[in-house]
Amino acid sequence: MQTQIVIIGGGPSGLLLAQLLQGRGIDSVVLERKTKDYVLGRIRAGVLERGLLDLMREAGVAERMDKEGIPHNGTLISHGDEMFRIGFTEHTGHAVMVYGQTEVTRDLYEAREKSGGKIEFNVENVRIHDADRDAPYVTYEVDGESRRIDCDFVAGCDGFHGISRHTIPTDVRREYEKVYPFGWLGILSETPPVNHELIYATSERGFALCSMRNENLSRYYIQCSLDEKAEDWSDDAFWAELKRRIPADQAAKLVTGPSIEKSIAPLRSFVTEPMRWGRLFLCGDAAHIVPPTGAKGLNTAASDVNYLFRGLTDFYENGSTAGIDGYSEKALARVWKVERFSWWFSSLMHRYPDQTDFDQKMQWAELEFLRSNDAAQKAMAENYVGLPYD
Ligand code: RFL
Ligand code: PHB
């Protein structure tokens, strides 16, 4: 088989890239290790930046998102019983949108199927060959049968546990990592959200987040220790702990109900450099991870897709290699700014096991500064709604 771009990974990065390329007449094949149902069953991101919204529109897959997504003009931050708001629109002129990653992925799959774009599910043993030469190719197995696709370029969109990153030789690749000493226990429940805006809450007992998917579907998280297991938490225990971490007036109006999903995610900051090696380009979680506190993972994957898509179209339409040659540097410049924001917001809001009284006072002082200082709020809002794609 022959195509222009082999895209490894059928998560949001891979599918969005495929759809954008297809709109410009550039052919791709998407290779996904799991089934479509498995990918759609993963409950992940909920907040979309304007850059991603614009890319969805450019890819022609925004109809349902623009109809059902909920624009958010600000967010709430609480500290014990104190709560303040950071207005996004008043500080930046922009908002974010609450629309689940599951829905984004569903819309992208539907568009891909409608347009007849190729996706192979259940692929195994994917290997990238000759990425540092002029004629790369990818081999894989499906139903026990070996296949090969020759291509111009390979996009590694296969997430943190994928193989693409490991194709780059260790003497070229440099990795930076910070693992946080806690995780997030999250639940999804068919209950109305406690507030019409998200609440990022810090308390003596640790962090909590009140988020949502729609007016009758709520997503809540609490900071937990790494040795805990989701199945050890009853719904009642979860709700009781959440109520202790959010302001009393919010806890009083929290509507509880059975959880329909419950899972624990570890928190990690991770970047690999470079994001390009020869004809292989890394995109999204394959190249970087942020802790979820700033809602940046999916959004940063989208900014990589943006730079790579522009670079590839410039190559195919104008014969210019400038965009693809500059891809790694450009993407990484933005990635590091997002890493900083996610690390800062995580450090501000969580309880650390080895935290001293002094460290705690510093968190409180920083929160008080954020509550009372317009410039600090503007900086937070600019990062939250998404830095521009330069
Ligand atoms: P994905 O989504 O991991 O998709 C990669 C795909 O590649 C497949 N794959 C392979 N396919 C073929 N061959 C192989 N060898 C393969 N290895 C892997 C996988 O099966 C998968 O389908 O990466 P992608 O596309 O880069 O997308 C990244 C986002 O999924 C991720 O950044 C976000 O979910 C992070 N995230 C959030 N991001 C936000 O922007 N806003 C949020 O509010 C937000 N909340 C979250 C989050 C992530 C969370 N978890 C569980 C990690 C909340 C949570 C709890
Ligand atoms: C979510 O709704 O899943 C969500 C929202 C905001 C975050 C992280 C996760 O910062």
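Counting starts at 1 for both ligands and their atoms, following the listed order.
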Query raised in the report: Per the ring-ring contact (aromatic ring centres under 6.0 Å, His included) rule, which among Phe207, Phe84, Trp364 passes with His79?
Result: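 Exactly one pass, corresponding to Trp364.
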Legend entry - Passing candidate, ring-ring contact (aromatic ring centres under 6.0 Å, His included) with Tyr221, options Trp184, Trp233, Phe182, Tyr200: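 It is Trp184, the one option of Trp184, Trp233, Phe182, Tyr200 that forms the ring-ring contact (aromatic ring centres under 6.0 Å, His included) with Tyr221.
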[X] charged N/C atom sitting above [Y] aromatic ring, 6.0 Å / 45°:
| X | Y | value |
| --- | --- | --- |
| Lys178 | Tyr180 | yes |
| Lys296 | Tyr384 | yes |
| Arg165 | Phe160 | yes |
| Arg147 | Tyr140 | no |

List ligand 2 atoms under 4.0 Å from [X], heavy atoms only on the residue side.
| X | answer |
| --- | --- |
| Pro292 | 7 (C), 8 (C), 10 (O) |
| Val47 | 5 (C), 6 (C) |
| Leu198 | 5 (C), 6 (C) |
| Trp184 | 8 (C) |
| Thr293 | 10 (O) |

Requested in this report: Answer with yes or no whether Phe345 contacts ligand 2, where contact means a heavy atom under 4.0 Å from a ligand atom.
Outcome: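 No; Phe345 lies far enough from ligand 2 that no heavy-atom distance drops under 4.0 Å.
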May I ask whether Arg213 has any heavy atom positioned less than 4.0 angstrom from an atom of ligand 2?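 It does; at least one heavy atom falls under 4.0 Å.
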List ligand 1's nitrogen or oxygen atoms that come under 3.5 Å of a protein nitrogen or oxygen, with the partner atom and distance.
{"residue": "ligand 1", "atom": "2 (O)", "partner": "Arg44", "partner atom": "NH1", "Å": "2.9"}
{"residue": "ligand 1", "atom": "3 (O)", "partner": "Arg44", "partner atom": "NH1", "Å": "3.2"}
{"residue": "ligand 1", "atom": "11 (N)", "partner": "Arg33", "partner atom": "N", "Å": "3.2"}
{"residue": "ligand 1", "atom": "20 (O)", "partner": "Glu32", "partner atom": "OE2", "Å": "2.6"}
{"residue": "ligand 1", "atom": "22 (O)", "partner": "Glu32", "partner atom": "OE1", "Å": "2.7"}
{"residue": "ligand 1", "atom": "22 (O)", "partner": "Glu32", "partner atom": "OE2", "Å": "3.2"}
{"residue": "ligand 1", "atom": "22 (O)", "partner": "Arg42", "partner atom": "NH2", "Å": "2.7"}
{"residue": "ligand 1", "atom": "25 (O)", "partner": "Pro12", "partner atom": "N", "Å": "3.3"}
{"residue": "ligand 1", "atom": "25 (O)", "partner": "Ser13", "partner atom": "N", "Å": "2.9"}
{"residue": "ligand 1", "atom": "25 (O)", "partner": "Ser13", "partner atom": "OG", "Å": "2.9"}
{"residue": "ligand 1", "atom": "26 (O)", "partner": "Ser13", "partner atom": "OG", "Å": "2.6"}
{"residue": "ligand 1", "atom": "26 (O)", "partner": "Asp285", "partner atom": "N", "Å": "3.0"}
{"residue": "ligand 1", "atom": "30 (O)", "partner": "Arg44", "partner atom": "NH1", "Å": "3.0"}
{"residue": "ligand 1", "atom": "30 (O)", "partner": "Gln101", "partner atom": "NE2", "Å": "2.8"}
{"residue": "ligand 1", "atom": "32 (O)", "partner": "Asp285", "partner atom": "OD1", "Å": "2.7"}
{"residue": "ligand 1", "atom": "32 (O)", "partner": "Asp285", "partner atom": "OD2", "Å": "3.3"}
{"residue": "ligand 1", "atom": "32 (O)", "partner": "Gly297", "partner atom": "O", "Å": "3.4"}
{"residue": "ligand 1", "atom": "32 (O)", "partner": "Leu298", "partner atom": "N", "Å": "3.2"}
{"residue": "ligand 1", "atom": "34 (O)", "partner": "Gln101", "partner atom": "OE1", "Å": "2.7"}
{"residue": "ligand 1", "atom": "38 (N)", "partner": "Gly297", "partner atom": "N", "Å": "3.2"}
{"residue": "ligand 1", "atom": "38 (N)", "partner": "Leu298", "partner atom": "N", "Å": "2.9"}
{"residue": "ligand 1", "atom": "40 (O)", "partner": "Ala295", "partner atom": "O", "Å": "3.1"}
{"residue": "ligand 1", "atom": "40 (O)", "partner": "Gly297", "partner atom": "N", "Å": "3.2"}
{"residue": "ligand 1", "atom": "40 (O)", "partner": "Leu298", "partner atom": "N", "Å": "2.7"}
{"residue": "ligand 1", "atom": "40 (O)", "partner": "Asn299", "partner atom": "N", "Å": "3.1"}
{"residue": "ligand 1", "atom": "40 (O)", "partner": "Asn299", "partner atom": "ND2", "Å": "3.2"}
{"residue": "ligand 1", "atom": "41 (N)", "partner": "Ala295", "partner atom": "O", "Å": "3.2"}
{"residue": "ligand 1", "atom": "43 (O)", "partner": "Gly46", "partner atom": "N", "Å": "3.1"}

Classify the side-chain pair [X]/[Y] by whether it contains a donor and acceptor separated by less than 3.5 Å.
| X | Y | answer |
| --- | --- | --- |
| Thr356 | Asp359 | yes |
| Tyr389 | Asp54 | no |
| Gln101 | Arg42 | no |

(message) Using only atom types and a distance under 3.5 Å, with no angle test, would you say the side chain of Asn299 pairs donor to acceptor with the backbone of Val47?
(response) yes
Residues pairing under side chain to side chain donor-acceptor pair (under 3.5 Å) where one sits in residues 256-268, two or more places apart or in two chains, turn out to be Glu177-Arg268, Arg219-Glu261, Asp235-Ser259, Asp235-Lys262, Glu261-Ser263
Quick one: look at [X] and ligand 2, take heavy-atom pairs under 4.0 Å, and tell me if it's side chain, backbone, both or neither.
| X | result |
| --- | --- |
| Tyr220 | neither |
| Ser211 | side chain |
| Arg44 | backbone |

Atom 3 (O) of ligand 2 - nearest protein heavy atom and its distance: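 Nearest neighbour among protein heavy atoms for atom 3 (O) of ligand 2, to 0.1 Å: Tyr221 OH, 2.6 Å.
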For atom 6 (C) of ligand 2, find the nearest protein heavy atom and state the residue, atom name and distance (0.1 Å precision).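 Result: Tyr200 OH, 3.3 Å.
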Looking only at distances, can you tell me whether any N or O atom of Ala295, backbone or side chain, sits closer than 3.5 Å to an N or O atom of ligand 2?
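Right, the criterion is met.
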Query - CD/Glu329: more than 12 non-hydrogen atoms of other groups inside 6.0 Å - result: no
